[in-house]
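Remarks on the structure that follows.
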Protein chains: 2
Amino acid sequence: MALGHAIMTALLDDDLSGYELARDFETSLGFFWQASHQQIYLELRKLSDKHWLSKREVTQRGKPNKIVYGMTRAGREALAAWVFTSTRTQVAKDDLLVKLYNLDSANAAHLSGEITARREEMMRRLYLYEKIRRRHYSIPETLPTRRKGVYLALSLGIHQGEQFLAWCDEALVLLATVEN
Amino acid sequence: MALGHAIMTALLDDDLSGYELARDFETSLGFFWQASHQQIYLELRKLSDKHWLSKREVTQRGKPNKIVYGMTRAGREALAAWVFTSTRTQVAKDDLLVKLYNLDSANAAHLSGEITARREEMMRRLYLYEKIRRRHYSIPETLPTRRKGVYLALSLGIHQGEQFLAWCDEALVLLATVEN
DNA sequence: TCAAAATATGCATACTTTTGCATATTAGAA
DNA sequence: TTCTAATATGCAAAAGTATGCATATTTTGA
């Protein structure tokens with residue numbers, strides 16, 4: 001039930017509505033755990049049924065009302081306990097790699113295209129990562145404790161992303177030898 | 001339905017039983033797409049119901065009989081067509097990163113332990129990767145086409161793995177400043 | 001001879017994720 | 001005024017994945 005834990009993690013410091021959570025997920029925790037708004041709304045209700053989240057409706061002007069969720073004491077305790085559970089390694093399942101196992105002269109150009117698209121997407125993401133790091137995490141040693149953890153997650157994202165760019169370049173060169 | 005495609009990919013060159021597939025998955029395609037034997041057996045039946053795989057029972061001496069699956073013409077066509085479909089980027093969902101967002105002085109030691117365990121696991125995996133690369137993929141440019149694709153997948157695994165080791169070291173240093 | 005290990009396959013259930021659909025409010029532009 | 005976009009929430013069905021349980025054959029070693 002890690003989506004629930006990801007949601008609670010996002011609610012550690014701020015109370016948020018489902019809509020806000022879904023949007024924030026796209027530029028923060030969602031780097032490491034993506035979820036659709038349907039999943040998020042459903043999970044929020046489950047969590048509040050368990051009394052791990054409190055809910056309150058907020059009347060807004062200029063916008064539809066929203067339901068804002070916040071962590072309860074029980075939620076914080078459950079989340080803190082979950083951190084101590086042991087995690088089995090999770091393999092990234094990636095279609096692209098399975099497709100590469102099927103490389104032939106007919107699909108080489110298509111796969112090059114897919115890799116090029118991924119490369120561009122990763123560059124955009126890296127740009128975002130770097131922006132966040134420069135703004136909020138320039139000197140990790142001096143950060144408050146929890147922010148150090150966030151910094152480390154971001155750091156992994158950046159390193160893996162840069163690595164991925166390098167791999168794309170290697171792949172595109174090798175694929176070019178197939179296309180001809 | 002990418003598990004099906006991963007299974008068919010594994011059957012491109014060899015006919016295999018569910019048991020053999022499950023074992024091979026642990027040291028090859030399973031690096032990029034892991035599945036339990038239960039999933040594999042179920043998927044094999046689905047694929048053969050679709051006539052994308054053929055099945056035959058093989059009588060063995062010294063072992064229980066096995067059911068060996070092989071790609072049909074229709075299966076090869078379906079797989080080849082699938083390679084041309086476009087893949088959306090898949091985010092690696094990883095509990096450990098969500099847990100890092102919850103870093104505090106109480107759980108820092110536990111998280112260090114988890115990272116150390118992951119580091120060791122990755123080292124074992126890298127050892128395997130390297131062994132395979134040295135044996136089968138030393139000069140990528142001269143490989144037959146499909147093997148070039150497999151090489152690239154392996155190459156990504158190796159680079160990302162080495163990157164991960166470096167990140168683990170960085171993380172352990174920073175976490176040590178929290179524990180004290 | 002008995003137990004353990006490797007080989008071999010499978011069902012049932014639960015959980016998670018994806019996808020398609022559905023609805024409502026308000027602002028601002030055409 | 002009507003349409004579009006952003007905000008906001010949700011249901012239902014299907015597909016995919018994970019987990020626990022169950023069973024059978026044969027070799028090998030104790």
Side-chain angles (χ1 to χ4, degrees), chain A residues 1-7 15-27 30 32-50 53 55-69 82 85-95 98, chain B residues 1-8 15-27 29-30 32-50 53 55-69 82 85-95 98:
Chain A
M1 208 262 297
L3 173 58
H5 296 112
I7 286 173
D15 292 0
L16 296 169
S17 70
Y19 189 83
E20 291 161 342
L21 265 169
R23 201 183 38 199
D24 284 16
F25 255 55
E26 277 164 40
T27 55
F32 313 111
W33 203 285
Q34 62 183 8
S36 63
H37 77 266
Q38 291 95 330
Q39 273 174 282
I40 288 170
Y41 285 119
L42 184 63
E43 195 66 40
L44 282 171
R45 255 170 295 133
K46 283 185 189 168
L47 290 170
S48 83
D49 287 350
K50 270 190 200 166
L53 296 181
K55 68 199 278 187
R56 62 178 203 279
E57 190 162 356
V58 173
T59 309
Q60 299 189 106
R61 278 184 301 169
K63 293 172 185 177
N65 293 351
K66 63 183 177 182
I67 301 164
V68 170
Y69 294 85
W82 171 75
T85 62
S86 67
T87 313
R88 66 204 178 298
T89 310
Q90 278 155 40
V91 171
K93 297 187 172 182
D94 193 333
D95 281 355
V98 178
Chain B
M1 207 262 297
L3 174 58
H5 295 113
I7 286 172
M8 289 195 284
D15 292 359
L16 296 169
S17 69
Y19 189 82
E20 290 161 343
L21 266 169
R23 200 183 37 198
D24 284 16
F25 254 56
E26 277 165 40
T27 55
L29 252 180
F32 313 111
W33 204 285
Q34 62 184 5
S36 64
H37 77 266
Q38 293 95 328
Q39 276 175 279
I40 289 171
Y41 284 118
L42 183 65
E43 196 65 38
L44 282 170
R45 256 170 294 133
K46 284 184 190 170
L47 290 170
S48 84
D49 288 348
K50 271 192 199 164
L53 295 181
K55 66 198 280 187
R56 63 177 203 280
E57 191 164 355
V58 172
T59 311
Q60 300 189 106
R61 277 185 301 170
K63 293 171 185 177
N65 292 351
K66 63 183 177 181
I67 300 165
V68 170
Y69 293 86
W82 171 76
T85 62
S86 67
T87 314
R88 66 203 178 295
T89 310
Q90 278 156 37
V91 171
K93 296 186 173 182
D94 193 333
D95 281 356
V98 178

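Side-chain atoms are counted along with the backbone in the values below, which use heavy atoms only and exclude waters and symmetry mates. These figures come from a predicted structure and were not determined experimentally.
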When every non-hydrogen atom of Val98(A) is compared with those of Ala6(B), the smallest separation belongs to CG1-CA, 3.8 Å
Atom CG of Asn65(A) and atom C1' of dT9(D): how far apart are they, to the nearest Å?
11 Å
Atom pair distance, as rounded to whole Å: OH in Tyr41(A) and P in dA24(C)
16 Å
CD of Glu57(B) versus P of dT25(D): gap in Å, rounded?
13 Å
How long is the line joining CG of Asp95(A) and C1' of dG16(D), in whole Å?
13 Å
How close or far is atom P of dA15(D) from atom CG of Asp49(B), stated in whole angstroms?
15 Å
Between dT9(C) (C1') and Leu47(B) (CG): distance, integer Å
16 Å
Do the side chains of Lys46(A) and Leu42(A) get nearer than 4.5 Å, heavy atoms only?
yes
Just the rounded figure in Å: distance from C1' of dA24(C) to CD1 of Ile67(A).
13 Å
What closest approach, in Å, do Thr59(A) and Asn65(A) show between heavy atoms, and which atom pair accounts for it?
CA-OD1, 3.3 Å
Applying side chain to side chain contact (heavy atoms under 4.5 Å, CB included), run through Trp33(B) and Asp95(A) and close with a yes or a no.
CA-CA 8 Å; Trp33(B) 204 285; Asp95(A) 281 355; 3.4 Å; yes
Ser17(A) vs dT7(D): side-chain N/O to OP1/OP2 distance below 4.0 Å
no
Do any side-chain nitrogens or oxygens of Gln60(A) fall under 4.0 Å of OP1 or OP2 in dA8(D)?
yes
Can you name the atoms? Protein N/O to nucleotides 15-21 of chain C N/O, anything below 3.5 Å, with the distance.
from    : atom 1 : to       : atom 2 : distance (Å)
dT16(C) : OP1    : Met1(A)  : N      : 2.9
dT18(C) : OP2    : Gln39(A) : OE1    : 3.3
dG20(C) : O6     : Gln38(A) : NE2    : 3.0

Report yes if at least one side-chain N or O of Tyr19(A) is closer than 4.0 Å to OP1 or OP2 of dT7(D); otherwise report no.
yes
In whole Å, I'd like the distance from the CZ atom of Arg45(B) to the C1' atom of dG16(D).
15 Å
Return the minimal non-hydrogen interatomic distance between Gly4(B) and Leu47(B), and the atom names on each side.
O-CD1, 3.8 Å
In the structure I gave you, are the side-chain heavy atoms of Ile67(B) and Tyr41(B) within less than 4.5 Å of one another anywhere?
no
What heavy-atom pair brings Thr85(B) and Trp82(B) nearest, and what distance separates the two atoms?
OG1-O, 2.6 Å
Pro64(A) has a side chain; which of dT7(D), dT7(C), dG10(C) sits nearest to it?
dT7(D)
